[in-house]
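Reminder, nothing fancy here: chain letters follow the sequence lines and each chain counts from 1.
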Protein chains: 2
Amino acid sequence: MAASSSLTALHPHLAPTISGRRPAAAAQSQLDLLTLPAAGLRFSLRLNPKAAEVKVSSRRVGAIRSAVIEEAEGKPATQDLFEKSVNTIRFLAVDAVEKANSGHPGLPMGCAPLGHILFDEFMHFNPKNPYWFNRDRFVLSAGHGCMLHYALLYLTGYDSVKDEDLKAFRQWQSKTPGHPENFETPGIEVTTGPLGQGIANAVGLALAEKHLAARFNKPDLEIIDHYTYVILGDGCQMEGVSNEACSLAGHWGLGKLIAFYDDNHISIDGDTEIAFSEDVNARFDALGWHTIWVKNGNKGYDEIRTAIKEAKAVKDKPTLIKLTTTIGYGSPNKANSYSAHGSALGAKEVEATRKNLGWPYDPFHVPEDVKSYWSRHISDGAARESEWSSKFAEYEKKHREDATILKGIISGALPVEWEKAFPAYTPESPADATRNLSQQCLNALEQVLPGLIGGSADLASSNMTLLKMHGDFQNSSPQERNIRFGVREHGMGAICNGIAHHSPGLIPYCATFFAFTDYMRPAIRLAALSQARVIFVMTHDSIGLGEDGPTHQPIEHLMSFRMMPNILMLRPADGNETAGAYRVAVLNRKRPSILALSRQKLAQLGGTSLEGVEKGGYIISDNSSGNKPDLILIGSGSELETAAKAAEELRKEGKGVRVVSLVSWELFEEQSDEYRESVLPKAVYARISIEAGSTFGWERYVGKKGKAIGIDRFGASAPAGRIYKEFGLTAENVIAVARSL
Amino acid sequence: MAASSSLTALHPHLAPTISGRRPAAAAQSQLDLLTLPAAGLRFSLRLNPKAAEVKVSSRRVGAIRSAVIEEAEGKPATQDLFEKSVNTIRFLAVDAVEKANSGHPGLPMGCAPLGHILFDEFMHFNPKNPYWFNRDRFVLSAGHGCMLHYALLYLTGYDSVKDEDLKAFRQWQSKTPGHPENFETPGIEVTTGPLGQGIANAVGLALAEKHLAARFNKPDLEIIDHYTYVILGDGCQMEGVSNEACSLAGHWGLGKLIAFYDDNHISIDGDTEIAFSEDVNARFDALGWHTIWVKNGNKGYDEIRTAIKEAKAVKDKPTLIKLTTTIGYGSPNKANSYSAHGSALGAKEVEATRKNLGWPYDPFHVPEDVKSYWSRHISDGAARESEWSSKFAEYEKKHREDATILKGIISGALPVEWEKAFPAYTPESPADATRNLSQQCLNALEQVLPGLIGGSADLASSNMTLLKMHGDFQNSSPQERNIRFGVREHGMGAICNGIAHHSPGLIPYCATFFAFTDYMRPAIRLAALSQARVIFVMTHDSIGLGEDGPTHQPIEHLMSFRMMPNILMLRPADGNETAGAYRVAVLNRKRPSILALSRQKLAQLGGTSLEGVEKGGYIISDNSSGNKPDLILIGSGSELETAAKAAEELRKEGKGVRVVSLVSWELFEEQSDEYRESVLPKAVYARISIEAGSTFGWERYVGKKGKAIGIDRFGASAPAGRIYKEFGLTAENVIAVARSL
């Protein structure tokens, strides 16, 4: 897609399905470019001539029903039609779960009134362009209730959920999988299901809105102005990640975040009283939220409306609306019990529910008056977007430079020549820790990537992640780009996933010690699954951190991510490789990256390069010829230097020694057979790997006859040099092992 | 150690260091046995003749100074001596960090008064027996401040921390590592450092006390009666896991849990105001805790004393005492700033601090009057334990049966013949999901293992973890053994670590979906590192869970645990293997186990056995001879059946096919070379593995010429059978691959 495409279809890289194979790096890097002035000055991006032709304001679909738009809020359907329409949602969920004989009817039945009011009366969106930039975002954190969302997407006219999709609920390759998946179903913002993630993603979405609004809105032109709505259940409330994220949301005063807590008192094990007796609203008060309790979430339609209006009026705090509902509402024998939560009601109970709610229709039937009532959302949505596009055209005229930058964030197009920003290193450059080199890269990229934003989980000065030209993103300074996450790794990861999914051009990064990826692993996995380009900056990547000891020393972590699908595990060895790792991370728009970085100083090595990193594995030095070295030493990160040192010694003995940097297994395995053979020829069995981590898995590259030097126990508390020596991660040991081969 | 040893030295398996190598299964299983009556009736354990000779009450060390004991609370040293003594703690920390040139002086300097008051005036312990059963437990959740704890262990007279240990702070193999490690330093209850873990461990310790007290105390004999104290910092408060655990502590009404929140307003990134502006005490009020705020934690000694007394008086709720302190108190230029947090003060500032606090002594010097003041704790502690031992002797006379059971819990000795409880299966036994077979095992073990206690993170009915003869552990029924953790996997894991570390005979288990081990990975890793025998019961262990889709389907998880040090990853295939897995899990007292269990029904296979599981890998069927099969099929869990089916077909074609169950890589790799060769002969290259998980790492067993059938992408939402077929995890595909080899 060229940068000159309309802003109304700006999500080109959300391909319909995630493939089992990793896309080739080459394909990944075919991203669109905005022209960057040669000087690469901060905030002076310009569109290239082609891009300047974008007709942002030209698209008007259908009649603009501005009267409807203006009056939509608070103008519900008549009571009868409303209840019929609410029951339509309930039965679409009941019928889909029944047909699949699998799923969760309880939440959609209980939350149907809320969903109806929210989507019909409050939310701004355009069903025919799910990626319209200024849409309100909706997240179903209680993802198991996804039939609620699918039913609403269907009724409002999204193309992603048609009649046949509802009938294919939870089936192979359907658009309506068992939990909401953004990469399968346009209209779904983020992937949820693992509890607590969605609310934290929503905090990220709301953060992105607040940040972009502060950066780009003008007194006369509010070009960014949307809400983030989220429904979360008891399970989400119990998960620690939600408390982490909500503490931050309160701290940041995310006034346009409105969370509905579906207080139905039932979780899988029964009444929540058996494990959850805290006062949730009081907790949120303590976290700095505005809180409301709607006691009759089943029938108190006007209370729901009033609560949402109140929430929107509170602009300095996020709002939690606790909505007491009945799970499985309408089911005479299963409502208010666990049995309505996670399985089909069963033919008999479905029948009883139809009778109970007065629903005479066949499965999946949508009454004509209901259909007709919802139909206005297609034209309303088009009109909304059109109105916004006009506004954007005006914005572009008045604020050309900002508009250009914003278009990059909206589209994900990278500035032309952005890659020139990377610092270059030679073996003469001073030795440095890759965490410091990472900071050089981040600060170089900040100047050319307006969407780069991030921070650390209270380790900014250890992870070296501060953007020096920026202040802190705070309630009073939301235009800034250094985010202070506090000691909340899990919340940090999930918030970054939300930021990444807000706009294709936002590039969130986040940092902690590599060992503490354990704390945020569910969020990292969801970044991989949901194709969120988050850059995980993980420093202190080995026993090299020294005295803090085994609790802080990663061992199994490198390997554990190498085997995770759709994520890049990069372990650069020096300045050039660190730059290369960032380059790869930015170019992989549908794949997150983890950078493992050293605490300790490392030499700048000869032979390393940005281009090498792109291939994942490459030769940094070799004194043999004909692709027949006597020995291949393979290293990564801090141990590449050790391999290089050992090679130097061994060459003095007349050996032909090749040193290979295996900076990313995933990228190397995407290369052609020929290339891989040129780096690691099959005929050469004498191979030694050295890496300060688990040797598990190294069989792949050293084979049965080679030897993996690494660490298969927990670390230890002592000065780093001592641990390296005790564990045999030294050039001397590599040489000894080489001689034994 | 024989079961007849004194109860005063009941922690035989806490060897001084954790070795890189995994101990042989044989060594692990040499546990002490209590006699179990042949009938194996519930709660009718009896000691064998030898064990009956235990002289519980015979040990009296030193004079019993009961007057001192009774009056200890509230009788501090004179003000002058107290401040001198507090400064002793401060300077031991300052000097140790200075000598190591690494560490965290800030917290010990700020919390020295609290530590002093707590250890000197309130806590019950016996320095010469760190494992005395009825001791108060102390956890430093802010583990980086460990010099506070080391200084207190030193002053109170623990043998584990001597003068030379303080001087070896953070050095190779010292008793004073960079964070508290229970397996290195007797007197340390749990391993902390990763923030938020310690407070959650403390909840587990307090749970264990409440549970055991309810089960074993008699109206006239309170044999179990201790407090759990914990210090946590801002970082712990921000971590979600602490909120999870504290929500449960409030729910359970753990009145003997007293947490001190060191509110020093400084974290690594600076003032906590940049990321942490919530009202912590209000949050704890919402969680059902009693809360207190001591505003002058630096000098308000009497306020601290009053607060602790108040906390002890509140018996129906845990108490949070927020203590506002100054980090690095006493350092004229670094107090109240980040620079006092995590590095040595530096010679100059140490000097300035000495001047500022009026400390004329050399590094590590403890003034004689201070030494003398603390010295009473050795005799006091001995007297306390002795007094308790007398009480226990009386208890044993009056309540012989309970005493026998309790001694098993205290000592960790297993009842004789406990293993006979396991159900046995034949190929004719009905096919069943291993999660159901797991429940059969748990309910069989419950009858012979009085220390078995556990539950699920709101998935009891899916994980099949309920003990049918027991009710729920709740505030009003703490004697029960089914724990309801709510949707709090991380808190659950950390709480179970605390339970395991409370008493050697407590065997906690906890459950969720296998994919959600991601949520609790830090706790699982700490179980492994700290040698906590927790049984992680992980069901829905593959794409076999079907429609819930990729968010719920583990892929990389099996492998990611196989590479984690000191933990057993077990994936049983049927009833016999499930029983074998539990047997191994119980016998490995210093190593946690993860059981990956199927949601779907599996056939009972011929050739599987408990004994096979103990070896990790073994032959379940073979039609070849001379250890020379044409083909070896290796499977685990649900795919072992697939391998067996494929073998049957291939044998019809005249092939010699061996089927190997690789139920635990760790155990298999601990076997002799000969045994491993007898199962997987090196000469046989034709090998196929089949496992519904990542193929990463299978090179180790299938080699370059073999083939691993598995899943290297995320899963999908569809009926399980369909996904298995689409992903090629079928006997047909195994056969096709076999033909291609």
Hey, which of [options] has the most heavy atom pairs under 4.5 Å with chain A?
{"options": "B/G342, B/G288, B/G549, B/S247", "value": "B/S247"}
{"options": "B/P550, B/G235, B/A282", "value": "B/P550"}
{"options": "B/H490, B/E273, B/R700", "value": "B/R700"}
{"options": "B/G143, B/P194, B/A460", "value": "B/P194"}
{"options": "B/V487, B/I711, B/T192", "value": "B/V487"}

What part of [X] gets closer than 4.5 Å to chain B, counting heavy atoms only: side chain, backbone, both or neither?
{"X": "A/T191", "value": "side chain"}
{"X": "A/F284", "value": "neither"}
{"X": "A/N243", "value": "side chain"}
{"X": "A/L287", "value": "both"}
{"X": "A/Q474", "value": "side chain"}
{"X": "A/S694", "value": "side chain"}
{"X": "A/P180", "value": "neither"}
{"X": "A/I483", "value": "neither"}
{"X": "A/F276", "value": "both"}
{"X": "A/S277", "value": "both"}
{"X": "A/H144", "value": "neither"}

Taking ring-ring contact (aromatic ring centres under 6.0 Å, His included) as the definition, give me every residue that meets it alongside A/H251, ordered by chain and number, with sequence neighbours left out.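 Testing A/H251 for ring-ring contact (aromatic ring centres under 6.0 Å, His included), a comparison that skips the adjacent residues, returns none.
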If we ignore hydrogens and angles and just use 3.5 Å, is the side chain of [X] paired with the main-chain N or O of [Y] as donor and acceptor?
{"X": "B/R525", "Y": "A/A515", "value": "no"}
{"X": "B/E556", "Y": "A/S560", "value": "no"}
{"X": "B/Y519", "Y": "A/V241", "value": "no"}

Can a donor-acceptor pair be found between the side chains of A/E699 and B/Y701 at a distance below 3.5 Å?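 No, no side-chain donor-acceptor pair sits under 3.5 Å.
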Highest number of heavy-atom pairs under 4.5 Å with chain B: which of A/S461, A/P719, A/P522?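 Of the options given, most contacts go to A/P522.
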Within this structure, what is the CE-CZ distance for the pair A/M520 and B/R521, rounded to the nearest 0.5 Å?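 If I round to the nearest 0.5 Å, the distance is 14.0 Å.
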Which region of [X], side chain (C-beta onward) or backbone (N, CA, C, O), has a non-hydrogen atom less than 4.5 Å from a non-hydrogen atom of chain A, or is it both or neither?
{"X": "B/S102", "value": "side chain"}
{"X": "B/F485", "value": "backbone"}
{"X": "B/W665", "value": "side chain"}
{"X": "B/L526", "value": "side chain"}

Which of parallel (below 30°), tilted (30 to 60°) and perpendicular (above 60°) describes B/W172 and A/F727?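 Aromatic pair B/W172/A/F727 classed perpendicular.
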